[in-house]
Amino acid sequence: MKSIVVYESWFANTRDVAEAVADELLEHGEVQLLSVDDPLQSLDGVDLLVVGAPTHAHGLSSSMTRKSALQQRGSDAEAGTGVRGWLDRLPPADGQRAAAFDTRFRKSIFLTGSAARGIAKRLERRGYELAAPPVSFFVLDTAGPLEDGEIESAREWAKRLVGIPILTLV
Ligand SMILES: Cc1cc2nc3c(=O)[nH]c(=O)nc-3n(C[C@H](O)[C@H](O)[C@H](O)COP(=O)(O)O)c2cc1C
């Protein structure tokens with residue numbers, strides 16, 4: 001099985017989750033771990049695409065929230081296009097399955113919003129079949145850290161993404 005794990009991350013929490021997911025998927029085949037700032041790779045031969053991002057202002061980051069994250073980090077780096085821009089450039093699915101995750105605060109989703117939901121919606125619009133419902137992993141504060149046990153939860157989630165047979169109609 002060939003997988004790509006793509007992440008946006010400003011304080012390394014979503015990156016840490018993405019790394020744990022990629023590491024688990026490595027048990028089941030080839031994995032490429034990419035940031036949304038890396039050039040978009042070919043999806044030829046890819047079976048599973050996993051996309052993760054931090055929840056910003058109830059959903060996907062915008063140029064304003066990315067600048068705010070950089071400011072909070074005390075960095076003058078480029079704000080980039082985030083996962084939103086990456087998904088805009090994503091080619092339509094050609095049989096690949098996909099999954100979405102985010103990081104956010106552990107409060108009611110009605111209060112926090114969820115980037116994963118927005119990512120999943122966009123993936124489905126592009127024809128990607130979801131291997132699992134969108135999922136959230138929780139941070140204690142804006143800059144992290146992740147709550148205890150979230151890396152293990154991410155590994156468990158990744159295990160559930162594999163082993164589901166891809167049905168091919170003949
Ligand atoms: C500008 C900004 C807006 C945010 N808005 C939300 C929000 O609406 N809901 C939420 O749960 N967390 C929000 N957060 C917290 C982020 O989800 C948290 O910073 C993120 O999970 C950390 O992941 P990262 O280290 O990968 O950037 C916000 C953070 C920033 C910087």
Side-chain angles (χ1 to χ4, degrees), residues 1-56 60-61 65-66 69-70 73 75 77-104 114-124 126-139 143-164 166:
M1 190 175 114
K2 192 169 166 184
S3 309
I4 294 184
V5 181
V6 186
Y7 65 90
E8 173 184 342
S9 188
W10 300 96
F11 303 95
N13 299 283
T14 315
R15 188 196 67 197
D16 289 349
V17 173
E19 282 176 357
V21 169
D23 195 47
E24 194 60 48
L25 292 175
L26 204 52
E27 301 282 318
H28 303 272
E30 201 182 313
V31 185
Q32 211 171 13
L33 179 66
L34 297 172
S35 136
V36 290
D37 297 321
D38 293 328
L40 186 59
Q41 305 290 304
S42 157
L43 291 173
D44 284 355
V46 171
D47 303 297
L48 177 68
L49 174 66
V50 182
V51 185
T55 300
H56 276 186
L60 272 58
S61 72
T65 67
R66 291 192 294 276
L70 283 170
R73 226 176 63 185
S75 162
E78 283 292 309
T81 64
V83 76
R84 197 186 289 269
W86 193 89
L87 287 165
D88 285 346
R89 298 189 294 274
L90 179 67
D94 184 16
Q96 296 92 353
R97 292 181 308 134
F101 72 89
D102 64 34
T103 53
R104 64 177 173 90
S114 159
R117 287 188 175 185
I119 294 168
K121 205 158 55 180
R122 283 165 176 78
L123 288 168
E124 282 192 302
R126 296 216 166 231
Y128 291 82
E129 186 198 337
L130 293 186
V135 69
S136 296
F137 301 98
F138 300 107
V139 290
L146 288 159
E147 288 184 2
D148 281 350
E150 291 305 81
I151 291 294
E152 292 73 20
S153 300
R155 286 181 170 279
E156 286 306 312
W157 179 69
K159 273 184 202 154
R160 293 203 297 273
L161 300 178
V162 294
I164 304 164
I166 300 167

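Predicted, not measured: the structure shown is a model, and the values here were computed from it. This chain uses plain numbering: 1 for the first residue, then up along the sequence.
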*Should the pair E156-R160 be classified as a salt bridge under the 4.0 Å nitrogen-to-oxygen rule?*
no
State, to 0.1 Å, how close [X] and [Y] come at their nearest heavy-atom pair, and which atoms those are.
X: M1; Y: L25; value: CE-CD2, 4.3 Å
X: V83; Y: V36; value: CA-CG1, 3.8 Å
X: A100; Y: L123; value: CB-CD1, 4.4 Å
X: A143; Y: N13; value: O-ND2, 3.2 Å
X: W10; Y: P54; value: CD1-CG, 3.9 Å
X: L60; Y: I119; value: CD1-N, 3.8 Å

*Please say whether more than 12 non-hydrogen atoms of neighbouring residues, nucleotides or ligands are located less than 6.0 Å from NZ in K121.*
no
_Residue E30 excluded, over 12 heavy atoms near CD under 6.0 Å_ = no
Interatomic distance, [X] atom [atom1] to [Y] atom [atom2] [nearest 0.5 angstrom]:
X: T14; Y: F101; atom1: OG1; atom2: CZ; value: 6.5 Å
X: L48; Y: L43; atom1: CG; atom2: CG; value: 11.0 Å
X: R104; Y: F138; atom1: CZ; atom2: CZ; value: 4.0 Å

*Does T55 use its side chain to pair, donor to acceptor, with the backbone of A115 at less than 3.5 Å?*
yes
_Under the side-chain hydrogen bond (donor to acceptor under 3.5 Å, both in side chains) definition, can you give me all pairs with a residue in residues 84-96, not counting sequence neighbours?_
T81-R89
